[in-house]
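The first residue of the sequence shown is numbered 1, and numbering continues consecutively from there.
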Amino acid sequence: MRRLMRWSAFLGGGILAVMFGLVIWLGVNKSVVIADTGSVSDTAGLAFSEELPGHELSLRESGEEGMFLRIPMENSISPENITMENRYAERRLVISVRGASGFFYENNRITGFVEPVEAASYTVESEGVTLYLQLSELYEYESILDKGYLQVNLYRPSERYDKVVILETKEIERLNAREREALESLEKKCRALLEADDFRVYSASGGSGEAALKNTLMLAEETGAGLYLGLTFDRDEDTARFGSYVCYNSLYFRPWLTNGDLADRMEQSLVTAIEGKALGLVEMEDGILRELEIPAVIICPGYVSHETEGALLLTDAYQERIAEGICSGVAEIFEEL
């Protein structure tokens, strides 16, 4: 009986030791995905980026297949020490590594598919090191910490997402601060609904003039977007004027979906959702709708100058109905696209 107890204790202890060793091995060798803190709502100003700060970081093409970068990490660095941010506006990846030492990157370099990396640098702070990678175009990415390296897999948005939309607020000068805030709120509601339906949404809002136009066109091209959607409120000297309308440009044409067809269906979806008045379609002969080479419309759900409609446009409940109507129309269009 005692012998049996000794064997049981021996076997039990052995199993526990093996399990404990396995846990330690997995903790050291497991691959961990690092989350991104960047925001696709910040994509204004793509065409302009400042010089990278800090010290230059060496790059070396490895010749391995696949679009990935391999960034060396000190053995003491764990996933909790790493914060990554995709700065879409600057085409820049920023990687903060708490606890890292600056001298480590004096003697180590980034390897892999480094062709998209125009420049790389690092700065040394009190809490660690921050790495900056300047990319040649807009990329999405996934990152994995594995055996002393942070592997960053690069993807073009069109390679990763089937449904990509450019969303942009078109503010007129006569909107006041509260009305601009309401328009931005509407954009956020549209983005949230589309993302819940597996759309990838890039916001081009912000800026004005030729630079903003160039930025939006570049964003549409680099993301491989399938649809451009502008949002605006209107104001009229005739305070009795109210209702919704959609702007389009007739130059863009596909046999199964012209911009006129798109605008008509978006207006129907919108006025059905808000039970509103349809003012029809407005053709725009210049501006962003003329330059884009993808289906594109600008939607105006109402007039802030009208006493009743203007008050409604500022409320969350009415904005939610507008967003539901717009996003329902977008989803139907993408089923055909």
Measure the SG-CG distance between Cys300 and Leu231 for me, rounded to the nearest 0.5 Å.
10.0 Å
To the closest 0.5 Å, what do you measure between CG (Leu292) and CG (Leu251)?
11.5 Å
Thr169/Glu184 under side-chain hydrogen bond (donor to acceptor under 3.5 Å, both in side chains): CA gap, chis, key distance, verdict:
CA-CA 7 Å; Thr169 56; Glu184 292 170 1; over 6 Å; no
To the nearest 0.5 Å, tell me how far Ile298 CD1 sits from Tyr228 OH.
5.0 Å
Does Tyr245 have any ring-ring contact (aromatic ring centres under 6.0 Å, His included) partners at least two apart in sequence or in another chain, and if so, which?
none
Answer yes if Met67 and Leu69 sit in the same cluster of Ile, Leu, Val, Met, Phe, Trp and Tyr residues linked by side chain heavy atoms under 4.5 Å apart, and no otherwise.
yes
Hey, any chance Leu314 and Ile326 share a hydrophobic cluster, counting ILVMFWY side chains that come within less than 4.5 Å of each other, even indirectly?
no
Using modelled atom types only, decide if a donor and an acceptor are shared between the side chain of Gln319 and the backbone of Leu313 within a distance under 3.5 Å.
yes
Distance under 6.0 Å and angle within 45° of the ring axis: does Arg235 meet both against Phe233?
no
Any non-hydrogen side-chain atom of Asn153 less than 4.5 Å from a side-chain atom of Ser143?
no
Can you name the nearest heavy-atom pair linking Thr315 to Ala311, along with the distance?
CG2-O, 3.4 Å
Spell out, as yes or no, whether a donor-acceptor pair under 3.5 Å connects the side chain of Gln134 to the backbone of Glu90.
yes
Under 4.5 Å between any side-chain heavy atoms of Gln151 and Asp146, yes or no?
no
Between Met84 and Ile82, does a side-chain contact (heavy atoms from CB on, under 4.5 Å) hold up when you go through it step by step?
CA-CA 7 Å; Met84 299 189 66; Ile82 302 174; 4.0 Å; yes
Give a yes or no on whether Glu61 atom CD has more than 12 heavy-atom contacts from other residues, nucleotides or ligands under 6.0 Å away.
yes
Looking at Pro301 and Thr232, what are the two nearest heavy atoms and their distance?
CD-O, 3.0 Å
Does a side-chain heavy-atom distance below 4.5 Å link Leu262 with Val246?
no
Is there a side-chain contact (heavy atoms from CB on, under 4.5 Å) between Arg265 and Ser269 once you walk through the steps?
CA-CA 6 Å; Arg265 292 168 62 176; Ser269 182; over 6 Å; no
For the CD atom on Glu125, are there more than 12 heavy atoms of other groups (residues, nucleotides or ligands in this structure) within a distance under 6.0 Å?
yes
Where is the tightest heavy-atom contact between Val201 and Leu167, given as atom of each residue plus distance?
CG1-CB, 3.8 Å
Is there a side-chain hydrogen bond (donor to acceptor under 3.5 Å, both in side chains) between Thr83 and Glu85 once you walk through the steps?
CA-CA 7 Å; Thr83 303; Glu85 179 185 1; over 6 Å; no
Between Arg160 and Glu142, is there a side-chain heavy-atom distance shorter than 4.5 Å?
yes
If you count every heavy atom of other residues, nucleotides or ligands that lies below 6.0 Å from Tyr149 atom OH, does the total exceed 12?
no
So, does Glu179 use its side chain to make a donor-acceptor pair with the main chain of Asn176 at under 3.5 Å?
yes
Can you tell me how far CD of Glu283 sits from CZ of Arg290, rounded to the nearest 0.5 angstrom?
10.0 Å
Any idea which heavy atoms bring Asn249 and Met284 closest together, and the distance?
ND2-O, 2.6 Å
Given side chains that start at C-beta, do those of Arg191 and Lys188 come closer than 4.5 Å, heavy atoms only?
yes
So Thr123 and Tyr132, do their side chains get closer than 4.5 Å, heavy atoms only?
yes
Test your reading of the model: is there a side-chain donor-acceptor pair from Asn81 to the backbone of Ser78, 3.5 Å cut-off?
yes
Identify the heavy atoms of Glu168 and Ala204 that sit nearest to each other, and give their distance.
OE2-O, 3.4 Å
Donor-acceptor pair, Ser305 side chain versus Asp236 backbone, under 3.5 Å?
yes
Between Ile95 and Leu150, is any pair of side-chain heavy atoms under 4.5 Å apart?
yes
Minimum heavy-atom separation for Gly325 and Ala273, please, with both atom names.
CA-CB, 3.4 Å
For residues 101-116, which residue pairs pass the side chain to side chain donor-acceptor pair (under 3.5 Å) check, not counting sequence neighbours?
Glu74-Ser101
Show the numbers, then the answer: is there a side-chain contact (heavy atoms from CB on, under 4.5 Å) between Tyr88 and Leu219?
CA-CA 10 Å; Tyr88 294 91; Leu219 183 63; over 6 Å; no
Can you tell me which residue pairs pass the salt bridge (Lys or Arg N to Asp or Glu O under 4.0 Å) test with a partner in residues 307-326, sequence neighbours excluded?
Lys189-Asp316, Glu275-Arg321
Let me confirm one number: the CD-CG distance from Glu118 to Leu59, rounded to the nearest 0.5 Å.
11.5 Å
Any chance you could measure Lys163, atom NZ, to Leu194, atom CG, to the nearest 0.5 Å?
9.0 Å
Using a strict 4.0 Å threshold on nitrogen-to-oxygen distance, state whether Arg156 and Glu137 make a salt bridge.
yes
What do the steps show when you test Arg241 against Leu279 for side-chain contact (heavy atoms from CB on, under 4.5 Å), and what is the final call?
CA-CA 10 Å; Arg241 186 172 179 79; Leu279 294 178; 4.1 Å; yes
